[in-house]
Each structure stands twice: as C-alpha cells, then as structure tokens.
Amino acid sequence: DVQLQASGGGLVQAGGSLRLSCAASGLSFDDYAIGWFRQAPGKEREAVSCITSSDGRVYYVSSVKGRFTISSDNNKNTLYLQMNSLKPEDTAVYYCSADHSPSCSDYVSPNWIDYWGQGTQVTVSS
C-alpha cells in the first residue's frame with residue numbers, strides 16, 4: 001500500500017521558516033509526480049509545489065516562488081518543502097501528494113491526485 005506521512009508543521013511568526021517532510025512508502029519516486037497541496041480554512045485546496053522525480057523538473061505556485069523550495073531524497077523516499085519568509089497567508093494544512101504521472105500536469109486539480117498524506121498544520125502569526 002502507498003502511504004504518505006507528512007510532518008514538520010508548526011506555529012511560526014511571519015518571516016520565519018519551516019521545513020516539511022513527507023515520508024513515503026509503497027512507491028518509487030521515479031514513477032510519480034510528488035508534491036504538496038495546502039488548504040486554508042474555508043478555501044480551496046491548491047497545489048503549492050510539485051517535482052517529477054524522474055527528471056527533477058519542479059513547479060511552484062506563483063505565490064511561493066522564491067520562498068519555498070521542494071526537494072526529494074529518492075534513496076530515502078522522503079519529500080521536503082523548505083518554507084522561508086513565511087507569511088500569514090501561508091497558514092494552511094499542508095498535504096503531501098503523489099500522482100501516477102510523468103509530469104506535474106495533474107496538480108492543476110486535487111481531484112486528479114492519486115495519493116495523499118494526512119496533512120500537517122502550518123500556522124504563521126503576524
């Protein structure tokens with residue numbers, strides 16, 4: 001079975017940093033587009049970042065470009081999201097995700113994602 005376990009969330013002040021981790025089992029990163037969605041209370045779930053492990057291509061939503069960095073350690077089956085210069089609007093539950101795809105195209109919509117982690121809460125205070 002595919003299992004994704006997200007961790008690393010917490011409460012930080014604006015301008016601070018967090019590093020999220022996603023431990024994966026039951027899949028090879030080489031065969032999946034892996035990444036992160038986030039969902040704030042009362043808002044739509046949106047794709048934050050995606051990486052195609054097979055070729056290392058990366059996608060970021062415009063609002064986090066220059067602040068967030070996605071990476072993966074394929075040998076450890078672990079996905080990371082380094083979040084710097086955090087803003088209150090980054091407050092959300094962050095979900096790691098895996099999709100059977102050679103590209104990040106399915107990250108247009110959460111409806112097309114195959115597997116989800118349980119989510120980890122990120123709260124950024126003013």
Completion exercise
In short, salt bridge (Lys or Arg N to Asp or Glu O under 4.0 Å) pairs touching residues 96-119 with sequence neighbours left out are none

Practice task
Can you run down the ring pair (Phe, Tyr, Trp, His ring centres under 6.0 Å) pairs that involve residues 39-74, sequence neighbours left out, and say none if there aren't any?
Solution key: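 Counting only pairs at least two positions apart or across chains, no ring pair (Phe, Tyr, Trp, His ring centres under 6.0 Å) contact touches residues 39-74.
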
Handout entry: side-chain contact (heavy atoms from CB on, under 4.5 Å) partner of Ile113, chosen from Cys50, Ser97, Ser101
Key =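 It is Ser97, the one option of Cys50, Ser97, Ser101 that forms the side-chain contact (heavy atoms from CB on, under 4.5 Å) with Ile113.
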
Practice task
Return the orientation label for the Tyr32 and His100 ring planes: parallel under 30°, perpendicular over 60°, tilted otherwise.
Solution key: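 Rings of Tyr32 and His100: tilted, as their planes differ by 30° to 60°.
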
Anything under 3.5 Å between a donor and an acceptor, one on a side chain of residues 35-45, the other on a protein residue two or more places apart or in another chain? List them.
unit_1 : atom_1 : unit_2 : atom_2 : d
Arg38  : NE     : Glu46  : OE2    : 2.7
Arg38  : NH1    : Asp90  : OD1    : 2.9
Arg38  : NH1    : Tyr94  : OH     : 2.9
Arg38  : NH2    : Glu46  : OE2    : 3.1
Arg38  : NH2    : Ser63  : OG     : 3.4
Gln39  : OE1    : Arg45  : NE     : 3.2
Gln39  : OE1    : Arg45  : NH2    : 3.2
Gln39  : NE2    : Lys43  : O      : 3.2

Handout entry: Contact check, side chains of Leu86 and Gln13, non-hydrogen atoms, under 4.5 Å
Key = no

Handout entry: 4.5 Å side-chain heavy-atom contact, Phe29 and Asn77
Key =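 Yes; the side chains approach each other to less than 4.5 Å.
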
If you look at every heavy atom in [X] and [Y], which pair is closest and at what distance?
{"X": "Pro102", "Y": "Thr52", "value": "O-CG2, 3.4 Å"}
{"X": "Gly26", "Y": "Val2", "value": "O-CG2, 3.5 Å"}
{"X": "Pro88", "Y": "Ala14", "value": "CD-CB, 4.1 Å"}
{"X": "Val122", "Y": "Leu20", "value": "CG2-CD2, 4.0 Å"}
{"X": "Gly8", "Y": "Thr120", "value": "N-OG1, 4.0 Å"}
{"X": "Val61", "Y": "Ala47", "value": "CB-O, 3.4 Å"}

Practice task
Show the numbers, then the answer: is there a side chain to side chain contact (heavy atoms under 4.5 Å, CB included) between Ile34 and Cys96?
Solution key: CA-CA 7 Å; Ile34 52 175; Cys96 58; over 6 Å; no

Exercise for the section: Check whether any side-chain N or O of Thr78 sits under 3.5 Å from a backbone N or O of Lys76 as a donor-acceptor pair, and report yes or no. Expected result: yes

Handout entry: Any donor-acceptor pair under 3.5 Å from Arg67 side chain to Ser85 backbone
Key =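 The answer is yes, because a donor-acceptor pair under 3.5 Å joins these two groups.
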
Starting from [Y], can I reach [X] by hopping between I/L/V/M/F/W/Y residues whose side chains sit under 4.5 Å apart?
{"X": "Trp116", "Y": "Leu27", "result": "no"}
{"X": "Val58", "Y": "Met83", "result": "yes"}
{"X": "Val48", "Y": "Tyr95", "result": "no"}
{"X": "Leu79", "Y": "Tyr115", "result": "yes"}

Exercise for the section: Output the distance between atom CD1 (Ile70) and atom CD (Gln82), rounded to the nearest 0.5 Å. Expected result: 12.0 Å

Problem - Reported CD1-to-OH distance for the pair Ile51 and Tyr80, which is rounded to 0.5 angstrom - result: 12.5 Å

Handout entry: Derivation of the side chain to side chain contact (heavy atoms under 4.5 Å, CB included) call for Ser49 and Val64
Key = CA-CA 9 Å; Ser49 187; Val64 309; 5.7 Å; no

